[in-house]
Visitor: 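Take this structure, written in C-alpha cells, and hold onto it; I'll ask about it next.
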There are 2 protein chains.
Amino acid sequence: MNADNLQDRMLSAIMPEHNAEPPARWQQRKSAQTRQRLVEAGVDCLVEGGYSGLTTAAVAERCAVSRGAMHHHFPTRLELVAAVVEHVFYQRMRRFLDDYFAALKERGEELMIEIACEAHWQSVQTREYAAYLELLVAARSDAELAALFQPAARQYDEVWTREMIEAFPQWERHWQDLKLASDFTQVLHMGLLLHRTPFADEARREQVRQMGNRVVRGLYDRK
Amino acid sequence: MNADNLQDRMLSAIMPEHNAEPPARWQQRKSAQTRQRLVEAGVDCLVEGGYSGLTTAAVAERCAVSRGAMHHHFPTRLELVAAVVEHVFYQRMRRFLDDYFAALKERGEELMIEIACEAHWQSVQTREYAAYLELLVAARSDAELAALFQPAARQYDEVWTREMIEAFPQWERHWQDLKLASDFTQVLHMGLLLHRTPFADEARREQVRQMGNRVVRGLYDRK
DNA sequence: CGCATAACCGGCGATACTGCCGGTTTTATG
DNA sequence: CATAAAACCGGCAGTATCGCCGGTTATGCG
C-alpha cells in the first residue's frame, strides 16, 4: 500500500470542483480565492451561529465583501450552502488522512489502531467537524439541505469504506469487523463531542473514549 | 429498593413547576391545559423545523391559538423555550423510567443490563429526545439558550447519577463502572441517532448498538 | 346582578434576511 | 487604445418574525 496514493485517491474522489485546477489568469485566480474565503467564512458562521446563522449578509460582512459581490459568487443562499457542504466533507477527510499518515510514519505500524482512533478523535475536534455536525442536524428538518447533504454523506461513506478495506490488508477476510470498528468509532466520537455540554467533567468523556479505543483494539486482536 | 419510590423521587426532582399541582378552578385548569398544549406544540415545531423553527407564530398556529393568547402565556419567545426545555428533560427521564420498570417487572431482574440498554434506546427514539437534541445543538451557538439549557442538563445528570447509584446496589463498590456504563450508553445512543443519515443501512447501526450492549454487559460481569 | 380579574384576540411598527437589479471598477483581448 | 467581459458595489422591495398594545370575551366573587 502506498500511503500517498491512497490519500490522493480518497481526497480527489470527493474534492470540490472549484478546488481542482487553479486557473492561470489573475482575475480568475483572485475570484477563486474570494470564493474560497467566502466558503470558509460560511464555516465560521455555521460554527458560531448554527445553520440559521449561515446568512448571506453575515458571510459577506465577515469577508469584508459587499452583498453584491456575494451575489456574484453565490446567487442564492442555497448555492453557498452547497459549496460549504462540499468543503466540509472534503476537509473532514483531509484532516483525518493528514493526521493519520503523519502519526503512522512517526510512531510505527504496530500502533495503527491507537493512531487511527487518535487521528479520528482529532478530526472531530476541528471547526470543520463542528460545521459538519450543524449541517447534519439541520438536514434532519430541512428538506432542501437534506437534498444536498445526503448524497454528499453517502458518497463520503462509500469512498471511506471502499478505501479503508483496501488500506488495512491486515484485517484480511474480517473486513466486516473493520467496518464495525470504524462505524463504532465514528458513532462514539460524535456522541462524545455532543456530550461536552451534558458531561461537565472532562474526565468522564475521556474515560468513555478510552474504553472505545479498547473495544476497537479488542476487535482487532481477536481476529 | 422500591421502584415506585425511586421513580417518583427522580421525576419530582426535575418536574416543571406548572406540572406540580393541578388547580381546582375551571379557568386556571383550562389555562394550564392550554399552556401544556403550547409547550407540546413547541416540541413538535422543534422536531420539524429545528430550533429556528420554534417560532411563536408557528406554535400558536399549530394549537389554533391566537398570537395574543400566546403572548398571554409566554410574553417572549425565550420564556416559551424555557418551558420547552423543562418539559423535554422531564419527559426524557419519564419515558426511560416507565419503560425500564415495566420491562423489569415483566422479564425479571437477571436481564437488568439488557433491559436498561433497551429502555434507553427506546427513550432515544422519542419525539422528546429529538427535541432535546435540537436544543443541545442549538445551545452550542446560542448563549441565551445555553443559559437555560446547561443548568437543566446539569441538574438532570446530577439526579440521574445520584439515583442510579442507589438503584443498582448490585454494583456495590464498583459504582465508577456503573457510571461509565451509563455514560458510554448515553454517548453511543446519541451518536447512533445522528448516524441515521450517514449510515444508510439500518443493519450497521444495529450492529454498533449490539456491540455497545455487549460492552456494558462485560463491564457488569467482570465486577 | 355587577364588578374585577383572567384568558383570549388581532393588528402595529421594528428588525432582519432574501433575491434582484442597475451601475462602477478592474482585467483581458484585438 | 478601444471594446468586451468579469468582478464588485450598494440599494430596493418582499417576506417573516419579533415584542407590544388596546380591545373583547369568559369566568370568579360579593
Side-chain angles (χ1 to χ4, degrees), chain A residues 18 21-39 41-42 44-46 48-84 134 138 141-145 148, chain B residues 18 21-39 41-42 44-46 48-84 134 138 141-145 148:
Chain A
H18 282 264
E21 77 284 2
R25 322 261 177 220
W26 237 41
Q27 201 170 78
Q28 287 178 28
R29 198 158 36 181
K30 190 181 175 191
S31 171
Q33 200 177 336
T34 304
R35 189 193 153 95
Q36 191 64 15
R37 283 200 310 132
L38 286 168
V39 171
D44 290 340
C45 290
L46 213 42
E48 288 175 22
Y51 184 63
S52 64
L54 181 56
T55 69
T56 57
V59 170
E61 192 194 4
R62 184 178 281 269
C63 278
V65 159
S66 71
R67 291 187 15 77
M70 175 90 220
H71 180 75
H72 176 71
H73 291 282
F74 302 103
T76 76
R77 178 186 127 105
L78 211 62
E79 297 187 50
L80 168 66
V81 171
V84 171
E134 292 288 345
S141 53
D142 185 312
E144 280 180 329
L145 175 58
L148 297 174
Chain B
H18 282 266
E21 77 285 3
R25 321 262 178 219
W26 270 30
Q27 204 171 74
Q28 289 179 27
R29 199 157 37 180
K30 190 181 176 191
S31 171
Q33 199 177 337
T34 303
R35 190 192 153 95
Q36 190 64 16
R37 284 201 310 132
L38 286 169
V39 171
D44 291 341
C45 290
L46 213 43
E48 289 175 23
Y51 184 63
S52 64
L54 180 56
T55 68
T56 57
V59 170
E61 192 193 6
R62 185 178 283 268
C63 279
V65 159
S66 71
R67 288 187 18 77
M70 176 89 219
H71 180 75
H72 176 72
H73 290 283
F74 302 102
T76 75
R77 179 186 125 104
L78 211 61
E79 298 188 47
L80 168 66
V81 171
V84 171
E134 292 289 345
S141 53
D142 184 313
E144 281 179 328
L145 174 58
L148 297 173

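Throughout, protein chains are lettered first and strands after them, A, B, ... in sequence-line order, and every chain is numbered starting at 1.
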Visitor: Write down the distance between CD (B:Glu144) and P (D:dG19), rounded to a whole number of angstrom.
Guide: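 For the pair B:Glu144 CD and D:dG19 P, the rounded distance is 9 Å.
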
Visitor: Measure from CD on B:Gln33 to C1' on D:dA26 and round the result to the nearest Å.
Guide: 16 Å

Visitor: Would a 4.5 Å heavy-atom cut-off, applied to side chains only, mark B:Leu54 and B:Glu134 as touching?
Guide: no

Visitor: Expressed in angstrom and rounded to an integer, what is the separation of B:Gln36 atom CD from C:dA7 atom P?
Guide: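 Distance check: B:Gln36 CD to C:dA7 P gives 15 Å.
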
Visitor: For B:Thr34 and C:dA7, is the shortest distance between a side-chain N/O and OP1 or OP2 below 4.0 Å?
Guide: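 Answer no for this pair, as no side-chain N or O of B:Thr34 is under 4.0 Å from OP1 or OP2.
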
Visitor: Name every residue in residues 50-58 of chain A that has at least one heavy atom under 4.0 Å from any atom of DNA chain D, in order of residue number, or write none if there are no such residues.
Guide: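 Listed by number, there are none.
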
Visitor: Taking all non-hydrogen atoms of both residues, which atom of A:Asp142 and which atom of A:Leu145 are closest, and how far apart?
Guide: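 Looks like OD1-N, 3.0 Å.
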
Visitor: End-to-end bend of the helix from C:dC1-D:dG30 to C:dG30-D:dC1 (five-pair axes, 10° rounding)?
Guide: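 The two end axes of the helix from C:dC1-D:dG30 to C:dG30-D:dC1 meet at 0°.
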
Visitor: Could you give the distance from CZ (B:Arg37) to CG (B:Asp44), rounded to the nearest 0.5 Å?
Guide: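 The CZ atom of B:Arg37 sits 12.0 Å away from the CG atom of B:Asp44.
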
Visitor: Nearest 0.5 Å, what's the OG1-NE2 distance between A:Thr56 and A:His73?
Guide: 14.0 Å

Visitor: Looking at side-chain heavy atoms only, is the closest gap between A:Met70 and A:Leu80 below 4.5 Å?
Guide: yes

Visitor: Take the protein atom CZ of A:Arg35 and the nucleotide atom C1' of D:dA7, then report the distance between them rounded to whole Å.
Guide: 14 Å

Visitor: How close or far is atom P of C:dG19 from atom NE2 of A:His72, stated in whole angstroms?
Guide: 17 Å

Visitor: Between A:Arg77 (CZ) and C:dG19 (P), how many Å, whole number?
Guide: 8 Å

Visitor: Is A:Gln36 atom CD crowded by more than 12 heavy atoms from other residues, nucleotides or ligands, each under 6.0 Å away?
Guide: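 Counting neighbours around CD of A:Gln36, more than 12 heavy atoms of other residues, nucleotides or ligands fall under 6.0 Å, so yes.
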
Visitor: Could you pull out the protein-nucleic contacts involving nucleotides 9-12 of chain D (nitrogen or oxygen on both sides, under 3.5 Å)?
Guide:
{"residue": "D:dC9", "atom": "OP2", "partner": "A:Ser66", "partner atom": "N", "Å": "3.1"}
{"residue": "D:dC9", "atom": "OP2", "partner": "A:Ser66", "partner atom": "OG", "Å": "3.1"}
{"residue": "D:dC9", "atom": "O5'", "partner": "A:Ser66", "partner atom": "OG", "Å": "3.3"}

Visitor: How long is the line joining CZ of B:Phe74 and P of D:dC20, in whole Å?
Guide: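 In whole Å, D:dC20 P and B:Phe74 CZ are 16 Å from each other.
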
Visitor: Within this structure, what is the OG-NE2 distance for the pair B:Ser66 and B:His71, rounded to the nearest 0.5 Å?
Guide: 11.0 Å

Visitor: Got A:Val84 and A:Tyr51 here, is their nearest side-chain heavy-atom distance under 4.5 Å?
Guide: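 A side-chain contact under 4.5 Å is absent here.
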
Visitor: Measure the distance from CD on A:Glu61 to P on D:dC8 and round it to the nearest whole Å.
Guide: 18 Å

Visitor: Looking at the side chain of A:Thr76, which of C:dG19, D:dC8, C:dC8 is the nearest nucleotide?
Guide: C:dG19

Visitor: Does A:Glu144 reach the side chain of A:Val81, with side-chain heavy atoms less than 4.5 Å apart?
Guide: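 No, side chains not in contact.
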
Visitor: If I compare all heavy atoms of B:Val39 with all of B:Ala83, which pair ends up nearest, and what's the gap?
Guide: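 Distance-wise, the nearest heavy atoms are CG2-CB, 3.9 Å.
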
Visitor: Looking at every non-hydrogen atom in both residues, tell me the closest pair between A:Gly50 and B:Ser141 and how far apart they are.
Guide: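 Distance-wise, the nearest heavy atoms are N-OG, 3.5 Å.
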
